[in-house]
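These notes concern the structure reproduced below.
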There are 2 protein chains.
Amino acid sequence: MTQSKTDPRIVRTRKLIMDSFIELSGKKEFKDITVKDITTEAMINRATFYYHFEDIYDLLEKVLSEVLLINLDYEVFEKNELNEESIVSMFIAITNFQTSLSNRCHRGYEDTIARIIREQLEITLYKMLVKQHTTEKDEALKTATVMLSWGIYGASTEWRRNSEKVQPPEDFIKSVVPYILHGIGFGSRD
Amino acid sequence: MTQSKTDPRIVRTRKLIMDSFIELSGKKEFKDITVKDITTEAMINRATFYYHFEDIYDLLEKVLSEVLLINLDYEVFEKNELNEESIVSMFIAITNFQTSLSNRCHRGYEDTIARIIREQLEITLYKMLVKQHTTEKDEALKTATVMLSWGIYGASTEWRRNSEKVQPPEDFIKSVVPYILHGIGFGSRD
DNA sequence: TACAATGTGTTGGATAAACGACAAATCCAC
DNA sequence: GTGGATTTGTCGTTTATCCAACACATTGTA
């Protein structure tokens with residue numbers, strides 16, 4: 001909110017570049033996409049690309065972050081509360097995201113993608129938690145958020161390793177939601 | 001062909017403005033569209049509008065010219081020859097254009113629109129005629145083109161005045177094509 | 001009439017984007 | 001390997017676009 005509104009040319013150009021990259025990602029895999037391909041598709045100068053992004057990996061990160069954040073943010077503004085329903089749909093958003101990526105052949109960037117997912121998850125979870133816990137000590141809340149985001153991401157890796165073929169993501173995550181919401185000290189009660 | 005290719009920013013911005021104007025024309029009529037409306041829709045600065053167009057009437061002219069020219073030019077590149085078929089479809093392009101405009105309520109600009117139609121018709125006809133009459137004296141060919149474009153435009157006004165309700169444009173123009181192609185010295189023979 | 005609100009067209013200074021050129025890195029056929 | 005072609009990342013200069021501000025015209029309304 002502090003930011004003095006950004007130049008419309010910047011918004012326009014970034015969108016052109018990102019959209020072009022997404023478009024190209026549907027046609028060929030990441031390693032075959034050059035900066036020239038992107039700027040040609042976007043009808044902008046190649047030098048302009050480097051004005052906005054460090055390199056093509058920087059672009060990849062920012063595109064993935066944005067795509068995922070848009071899906072996750074839906075929870076914050078729509079459901080607004082961290083409960084079983086919102087956790088389930090965030091988990092589904094993550095697994096969908098990973099599935100769509102594996103179709104687009106970003107092999108070799110799994111670690112980067114993992115980091116991106118966890119970072120965006122943290123951002124979104126934090127937004128929701130501060131709404132519900134305005135009074136509490138910020139540092140602890142922050143740490144809880146980090147732990148939760150790592151945990152949920154871990155659950156998604158566990159699901160992909162063992163359960164992807166045998167269980168839909170909503171069932172998988174629902175079975176552990178009680179531990180998330182009420183802690184491991186309690187058994188599931190409803 | 002002589003022009004050193006135009007700056008891509010200019011192409012992009014002109015297209016944004018023209019598309020926005022066409023988009024807005026579908027929602028409200030010309031007299032209610034302001035420059036601010038257009039630039040807001042196009043997401044460009046208002047001053048930039050005046051960098052490309054004198055005023056909103058200048059924009060109107062250029063948009064209409066381009067839309068019509070695209071329809072007419074199809075004949076040049078596709079059919080390539082000035083014969084009954086191409087004359088008929090150019091005539092239909094004109095009457096369609098006028099009908100679509102009257103739906104969009106550009107009342108008060110009939111004279112301007114008339115001039116635009118005739119000018120674009122002249123351009124297109126000239127392109128076709130030079131292909132077929134490369135050897136002849138250019139001045140006479142030019143004059144013939146002008147007469148023909150005025151004539152065809154006149155036919156379209158005549159059709160709208162008398163025949164719009166009773167006869168489709170293709171039938172109307174077909175009946176006079178012989179006079180165009182073979183002159184008034186001959187009667188229609190086929 | 002008067003007075004506010006909105007739209008028009010222009011200006012000067014700041015900034016982003018275009019362009020061509022360049023060295024360096026990477027790729028690839030031989 | 002070697003050499004040619006492509007890609008990358010950077011730079012300085014030029015040009016298009018942004019922005020805020022301005023005087024003026026038009027519209028609407030009390």
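Quick note on labels: first sequence line is chain A, next is B, and so on, each numbered from 1. Computed from heavy atoms alone, side chains included, the values below leave out hydrogens, waters and symmetry copies.
- Separating the CD1 atom of Ile10(B) from the C1' atom of dC18(D) is a distance of 16 Å, rounded to the nearest angstrom.
- In this entry the distance linking CD1 of Ile33(B) with P of dG7(C) reads 13 Å, nearest Å.
- Straight-line distance from the NZ atom of Lys31(A) to the P atom of dT7(D): 14 Å, rounded to whole Å.
- With respect to Lys27(B) and Glu23(B), a salt bridge is recorded, a charged nitrogen being found less than 4.0 Å from a carboxylate O.
- Inspection of the Arg118(B) and Ser149(B) side chains reveals an N or O donor paired with an N or O acceptor under 3.5 Å.
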Asp58(A)/Lys62(A) under salt bridge (Lys or Arg N to Asp or Glu O under 4.0 Å): CA gap, chis, key distance, verdict: CA-CA 6 Å; Asp58(A) 184 34; Lys62(A) 286 177 174 154; 3.2 Å; yes
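- Under the 3.5 Å distance criterion, with hydrogens and angles disregarded, no donor-acceptor pair is assigned to the side chains of Asn45(B) and Thr48(B).
- Of all non-hydrogen atoms in Ala155(B) and Ile173(B), the two that sit nearest each other are CB-CD1, 4.4 Å.
- The side chain of Tyr50(A) contributes an N or O atom lying less than 4.0 Å from OP1 or OP2 of dG9(D).
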Lys131(B) vs Glu81(B), salt bridge (Lys or Arg N to Asp or Glu O under 4.0 Å): CA-CA, chis, key distance, verdict: CA-CA 8 Å; Lys131(B) 282 191 177 177; Glu81(B) 201 188 331; over 6 Å; no
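- Listed by residue number, Tyr51(A), His52(A) are the residues of residues 51-65 of chain A with a heavy-atom contact under 4.0 Å to DNA chain C.
- Between Trp159(B) and Phe91(B), the two ring planes are perpendicular [angle over 60°; tilted spans 30° to 60°].
- Applying the under-4.5 Å side-chain rule to Ile, Leu, Val, Met, Phe, Trp and Tyr, the cluster around Met147(A) consists of that residue alone.
- Other residues sharing the hydrophobic cluster of Leu69(B), ordered by chain and number and joined by side-chain separations under 4.5 Å: Ile123(B).
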Residues Lys142(A), Glu139(A); criterion salt bridge (Lys or Arg N to Asp or Glu O under 4.0 Å); working and verdict: CA-CA 5 Å; Lys142(A) 191 81 203 169; Glu139(A) 201 48 50; over 6 Å; no
Per-nucleotide protein contact string for nucleotides 18-28 of chain C (B base, S sugar-phosphate only, - none; heavy atom under 4.0 Å): SB-B-------
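- Atom P of nucleotide dA5(C) and atom NZ of Lys36(B) are separated by 18 Å, given to the nearest angstrom.
- Rounded to 10 degrees, the angle separating the terminal helix axes of the helix from dT1(C)-dA30(D) to dC30(C)-dG1(D), each built from five base pairs, is 50°.
- Sorted by first then second residue, the side-chain hydrogen bond (donor to acceptor under 3.5 Å, both in side chains) pairs that include residues 85-94 of chain B, not counting sequence neighbours, are Glu75(B)-Ser89(B), Asn83(B)-Ser86(B).
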